[in-house]
Visitor: 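I have a structure I would like to understand better, so I am pasting it below and will then ask my questions one at a time.
Numbers restart at 1 for each chain; the letters A, B, ... are given by sequence-line order, proteins then strands.
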Amino acid sequence: MVRVRFAPSPTGHLHIGGARTALFNWLFARHHNGKFILRIEDTDRSRSTEEYIESIIEAMQWLGLDWDEGPFRQTDRIEIYRKYAYRLLNENKAYRCYCTPEELEERRQKAMKEGKPPRYDRRCRQIGEVLDKPFAIRFKMPLEGETVVDDLVKGKVIFKNSEIEDLVILRSDGTPTYNFCVVVDDFEMRITHVIRGEDHLNNTPKQIHIYHALGINPPQFAHIPMILGADKARLSKRHGATSILTYRDEGYLPEALINFLARLGWSYGDKEIFTRQELIEYFNLEQVGKANAIFNAEKLLWLNSEHIKLTPEERLFELVKPFLIKEGYLKEVEILDINWACKAIKSLKERCRTLKELAHAMRYYILDYIEIDPKAREKYINSDTIPILREVTERLSKVEDFTQDNIEKIFMDIVNEKGLKLGQVAQPVRVAITGNTVSPSIYEVLEIVGKEKVIKRLRRIIDGT
RNA sequence: GGUCCCAUCGUCUAGCCAGGUCAAGGACGUAGCCCUCUCAAGGCUAAAACACGGGUUCGAAUCCCGUUGGGACCGCCA
């Protein structure tokens with residue numbers, strides 16, 4: 001049984017990189033009919049907050065990355081880690097370190113300045129007796145030999161044990177540290193595959209030794225490449241929308257983001273567009289690449305538009321509602337006729353790349369009156385076009401059955417009778433009805449807006465009010 | 001500074017493990033054309049890459065070594 005976990009630390013919102021790690025774990029679990037576990041690594045009490053925990057969970061839920069166990073919190077499990085740490089101490093596999101953080105920091109700075117590796121010099125490892133001073137517990141790393149990490153993505157990676165420092169596993173305040181908690185938790189939670197960012201690759205040999213000291217077998221490791229910003233630096237706030245929830249608020253579909261994230265570092269031949277089910281079916285670690293990837297916002301936008309096209313109008317309507325309300329086009333209690341709304345959305349869905357854009361475009365279907373773009377007005381509403389608009393208004397107002405076909409007939413009649421080009425009629429009308437020079441087919445727009453509003457808006461333009 | 005990872009179009013990538021079918025394929029973006037009531041969508045076309053240098057081999061994008069470049073880690077952070 002495959003058991004994987006996503007173990008974010010709540011020191012910030014869920015960002016692109018974290019979400020991709022979560023996704024790969026989730027996909028791997030679902031593909032193998034295994035379990036996906038959520039674990040909150042909040043042992044850094046000074047930086048972890050409840051707010052971030054909630055935010056991460058909200059983002060996971062929005063993405064549809066559901067977990068089977070958890071969320072577990074490491075702060076609830078402190079006693080467990082402490083127990084294991086003291087076990088190692090008693091078995092002489094760890095030792096008390098009496099150096100203070102200040103001393104260590106000082107030595108580190110000095111080492112850096114002298115160009116030496118800023119590593120702990122193991123000075124307390126020699127102390128035989130127990131001193132009456134505050135202490136941290138350090139793990140005894142082997143002093144020689146090699147450790148091989150047989151990584152599912154990177155292959156065999158070899159580390160010299162002499163390069164690995166004696167890391168602190170329990171702080172002097174009694175709290176455990178990251179590298180120790182992961183091992184204990186992954187063991188206790190019976191994790192079979194650890195899929196995480198490549199930034200943890202260097203930690204892996206340390207963890208492997210802790211596994212061995214505890215007398216347990218390490219899980220399989222898979223270190224996936226990093227996601228970098230356009231400047232090739234690690235993705236951070238500087239690169240704009242970094243929180244997953246921001247993408248939700250900007251009108252991205254979760255399935256589009258999932259699709260995008262999946263293709264960042266993983267591929268399935270030439271296929272670009274995947275449904276959630278397809279990803280579960282096709283995902284594997286073998287096809288995960290080794291090189292870092294740069295976050296490409298343009299492609300995400302394109303994928304979003306593709307997924308909007310794939311989404312049924314009914315669902316789009318539900319998804320776009322919050323945006324309509326936020327934009328003020330719709331009051332919260334107001335109810336739109338669903339069939340009408342779907343017709344409106346259908347006309348717009350292949351023209352919009354985000355739900356935000358969709359909501360904005362829908363304004364001219366919903367509102368009674370719309371603002372006319374000054375440039376559009378200048379170009380298309382003038383003494384030449386007012387007579388045309390008058391003619392259109394007059395004829396449209398006589399139409400009983402306000403359908404696309406009937407509307408088109410009227411436009412064509414006017415064009416033929418007056419010897420005009422269709423654009424000479426369509427564009428002024430488009431500006432009068434939508435407020436801009438861009439919209440779906442004008443006949444379609446008129447039908448959806450409806451006779452009453454169409455006539456009202458045209459009259460308003462003609463009257464110059 | 002040390003250790004580790006990585007290297008195909010601007011970007012995501014296929015191909016690499018099992019060398020020849022690759023004068024390197026797809027996608028985003030860009031440019032042009034077609035369609036056309038506008039804008040999209042769609043269709044067609046174009047520009048655009050095997051980082052560099054050695055080696056192995058009849059043959060290398062694919063295997064080996066080095067160089068360069070990028071990234072990560074080196075905490076009583078995770």
Side-chain angles (χ1 to χ4, degrees), chain A residues 7-11 41-44 46-48 74 97 99-101 104-105 108 111-120 134-138 149 151 153-155 157-160 163-165 167-173 175-179 181-182 197-205 223 225-226 228 230 232-234 260 263-273 286-287 289-303 305 309 348-353 361 376 380 408 411 415 421-427 429-431 434 436-443:
Chain A
S9 127
T11 53
E41 310 227 324
D42 57 350
T43 51
D44 181 356
S46 59
R47 295 197 300 149
S48 300
Q74 290 187 326
C97 174
C99 304
T100 66
L104 293 168
E105 184 55 31
R108 194 177 357 265
M112 294 274 248
K113 230 174 267 170
E114 291 168 7
K116 289 183 196 153
R119 203 179 300 134
Y120 179 60
F135 63 90
I137 298 180
R138 275 189 195 270
V149 178
D151 195 89
V153 172
K154 303 283 182 185
V157 184
I158 300 163
F159 295 86
K160 281 196 194 67
E163 301 291 337
I164 308 172
E165 84 174 333
L167 75 166
V168 169
I169 56 176
L170 200 72
R171 300 185 185 100
S172 48
D173 66 359
T175 60
T177 60
Y178 164 75
N179 279 109
C181 297
V182 237
E198 184 187 301
D199 46 341
H200 290 285
L201 186 54
N202 284 301
N203 285 325
T204 310
H223 287 94
M226 305 270 87
L228 311 176
K232 295 193 172 181
R234 202 176 165 167
F260 174 74
R263 279 290 284 102
L264 224 47
W266 174 82
S267 60
Y268 188 75
D270 285 339
K271 195 168 163 63
E272 293 286 353
I273 297 169
E286 289 74 38
Q287 283 302 108
K290 296 178 175 187
N292 293 344
I294 292 173
F295 177 81
N296 182 190
E298 295 280 333
K299 189 161 180 181
L300 170 58
L301 204 51
W302 169 73
L303 269 173
S305 73
K309 279 180 228 162
L348 254 15
K349 67 191 274 195
E350 68 185 22
R351 277 161 242 265
C352 297
R353 297 189 295 179
Y380 290 106
E408 180 170 3
F411 274 60
V415 164
K421 284 185 180 170
L422 184 51
Q424 291 175 287
V425 181
Q427 279 306 78
V429 173
R430 176 170 279 121
V431 171
T434 71
N436 220 317
T437 55
V438 170
S439 85
S441 153
I442 189 65
Y443 315 125

Visitor: Does the side chain of K349(A) get closer than 4.0 angstrom to OP1 or OP2 of A40(B) through an N or O atom?
Guide: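 Answer is no, no contact under 4.0 Å.
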Visitor: Considering every strand and a 4.0 Å limit on heavy-atom distances, what is the contact class for L201(A): base, sugar-phosphate, or nothing?
Guide: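 Sugar-phosphate: the residue L201(A), judged by heavy atoms under 4.0 Å, touches backbone atoms but no base.
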Visitor: According to the Watson-Crick and G-U wobble definitions, with both distances under 3.5 Å, which nucleotide is paired to U62(B)?
Guide: none
Visitor: Is there a side-chain contact between S267(A) and the phosphate of A14(B), meaning an N or O under 4.0 Å from OP1 or OP2?
Guide: yes
Visitor: Please state whether the rings of Y178(A) and H200(A) are parallel, tilted or perpendicular, taking 30° and 60° as the class boundaries.
Guide: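 Correct class here is tilted.
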Visitor: Can you tell me, in whole Å, how much space there is between the P of C5(B) and that of G42(B)?
Guide: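 It comes out at 43 Å once rounded to the nearest Å.
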Visitor: Provide the Watson-Crick or G-U wobble partner of U30(B), both distances under 3.5 Å; none if there is no partner.
Guide: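 A46(B) - that is the nucleotide pairing with U30(B), both distances being under 3.5 Å.
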Visitor: Considering only A78(B), C74(B), C37(B), which nucleotide approaches the side chain of E165(A) most closely?
Guide: C74(B)
Visitor: Quick one about T175(A) and R171(A) (side-chain donor to acceptor, distance below 3.5 Å, no hydrogens or angles considered), yes or no?
Guide: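 Yes, because at least one side-chain N or O of R171(A) sits under 3.5 Å from a partner of the opposite role on T175(A).
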Visitor: So does S441(A) reach the base of C37(B) with its side chain, donor to acceptor, closer than 3.5 Å?
Guide: yes
Visitor: Both V153(A) and P101(A) contact RNA chain B. Taking the nearest nucleotide for each, which residue is further toward the 5' end?
Guide: V153(A)
Visitor: Please work out if C99(A) contacts a base, only the sugar-phosphate, or nothing of the nucleic acid, heavy-atom cut-off 4.0 Å.
Guide: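 C99(A): base contact, heavy atoms under 4.0 Å.
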Visitor: Count the heavy atoms belonging to other residues, nucleotides or ligands that lie under 6.0 Å from NZ of K160(A), then report whether that count exceeds 12.
Guide: no
Visitor: With no hydrogens and no angle check, is any side-chain donor or acceptor of T11(A) less than 3.5 Å from a backbone partner on R47(A)?
Guide: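 A pair under 3.5 Å: no.
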Visitor: Counting the atoms with a prime plus P, OP1 and OP2 as sugar-phosphate, which does R138(A) contact under 4.0 Å by heavy atoms, base, sugar-phosphate, or nothing?
Guide: sugar-phosphate
Visitor: Name the closest nucleotide to the S439(A) side chain, picking from G25(B), A78(B), U38(B).
Guide: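 When the side chain of S439(A) is considered, U38(B) is the closest of G25(B), A78(B), U38(B).
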Visitor: NA contact type, N203(A), heavy-atom cut-off 4.0 Å: base, sugar-phosphate, or nothing?
Guide: base
Visitor: Write down the partner of G1(B) under the Watson-Crick or G-U wobble criteria, each distance required to be under 3.5 Å.
Guide: C74(B)
Visitor: If you look at every strand shown and take non-hydrogen atoms under 4.0 Å, does T43(A) touch a base, only sugar-phosphate, or nothing?
Guide: sugar-phosphate
Visitor: Let's see if you can work this out: which of C6(B), C37(B), G71(B) has an atom nearest to the side-chain heavy atoms of A291(A)?
Guide: C6(B)
Visitor: Which whole number of Å gives the distance between the C1' atom of C65(B) and that of A47(B)?
Guide: 36 Å
Visitor: Give Y120(A) one of three labels, base, sugar-phosphate or nothing, depending on what nucleic acid heavy atoms sit under 4.0 Å from its own.
Guide: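 The answer is nothing, as Y120(A) stays clear of every strand by at least 4.0 Å.
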Visitor: Determine the contact category for P225(A): base if any of its heavy atoms lies under 4.0 Å from a base atom, sugar-phosphate if only primed atoms, P, OP1 or OP2 are that close, otherwise nothing.
Guide: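 Since no nucleic acid heavy atom lies under 4.0 Å of P225(A), the category is nothing.
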Visitor: For C64(B) and C17(B), measure between their P atoms and round to the nearest Å.
Guide: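 After rounding to an integer number of Å, I get 9 Å for this pair.
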Visitor: Could you tell me which nucleotide pairs with U56(B) by Watson-Crick or G-U wobble geometry, both distances under 3.5 Å, or answer none if nothing does?
Guide: none
Visitor: For L422(A) and C37(B), give me the distance from atom CG to atom C1', rounded to whole Å.
Guide: 4 Å
Visitor: Heavy atoms from C-beta onward define the side chain here; which of U13(B), G29(B), A78(B) lies closest to that of E298(A)?
Guide: G29(B)
Visitor: For the backbone of Y120(A) and the side chain of E165(A), can you confirm whether one donor and one acceptor N or O come within less than 3.5 Å of each other?
Guide: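 Answer holds: yes.
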Visitor: Taking C28(B) as the reference, what is the distance to A41(B) when you measure between their P atoms (whole Å, please)?
Guide: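 The same atom, P, in both gives a distance of 10 Å.
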Visitor: Does this structure show an ion pair linking K290(A) with E198(A), if we count only N-O contacts that are shorter than 4.0 Å?
Guide: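 E198(A) and K290(A): not salt-bridged.
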Visitor: Using atom C1' in both nucleotides, what's the gap between C76(B) and G69(B) to the nearest angstrom?
Guide: 36 Å
Visitor: Grab the two heavy atoms, one from S172(A) and one from A136(A), that are nearest each other, plus how far apart they are.
Guide: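 S172(A) and A136(A) have their closest heavy atoms at N-CB, 3.9 Å.
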Visitor: Could you identify the nucleotide paired to G69(B), looking across every strand shown and requiring Watson-Crick or G-U wobble geometry with both distances under 3.5 Å?
Guide: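 The answer is C6(B), by the H-bond criterion.
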Visitor: When only distance counts, do a donor and an acceptor, one from the side chain of K290(A) and one from the base of C6(B), lie under 3.5 Å apart?
Guide: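 Side chain to base: no pair present.
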Visitor: Expressed as a whole number of Å, how far does the P atom of G29(B) sit from that of C35(B)?
Guide: 23 Å
Visitor: When you compare G43(B) with G55(B), how far apart are their P atoms, in angstrom units rounded to a whole number?
Guide: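 My reading of the P atoms in G43(B) and G55(B) gives 47 Å.
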Visitor: Please classify the nucleic acid contact of H200(A) as base, sugar-phosphate, or nothing, using heavy-atom distances under 4.0 Å.
Guide: base
Visitor: Within the 4.0 Å heavy-atom criterion, would you say T177(A) contacts the bases, only the backbone, or no part of the nucleic acid?
Guide: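 If one applies the 4.0 Å heavy-atom cut-off, T177(A) turns out to touch the sugar-phosphate alone, with no base involved.
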Visitor: Students often get this wrong, so: under 4.0 angstrom with heavy atoms, is K421(A) touching a base, only sugar-phosphate, or nothing?
Guide: nothing
Visitor: Could you go through T43(A) and T177(A), starting from their C-alpha distance and side-chain angles, then the distance that decides it, and tell me whether this counts as side-chain contact (heavy atoms from CB on, under 4.5 Å)?
Guide: CA-CA 7 Å; T43(A) 51; T177(A) 60; over 6 Å; no
Visitor: Starting at the 5' end of RNA chain B, which residue's closest nucleotide do you reach first, E163(A) or K309(A)?
Guide: E163(A)
Visitor: OP1, OP2 of C76(B) versus side-chain N and O of R108(A): anything below 4.0 Å?
Guide: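 Yes.
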Visitor: Distance between the C1' atoms of A18(B) and C63(B), in whole angstroms?
Guide: 12 Å
Visitor: Ignoring backbone atoms, test whether R353(A) places a side-chain nitrogen or oxygen under 4.0 Å from the OP1 or OP2 oxygen of C39(B).
Guide: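 For C39(B), OP1/OP2 do not have a side-chain N/O of R353(A) under 4.0 Å.
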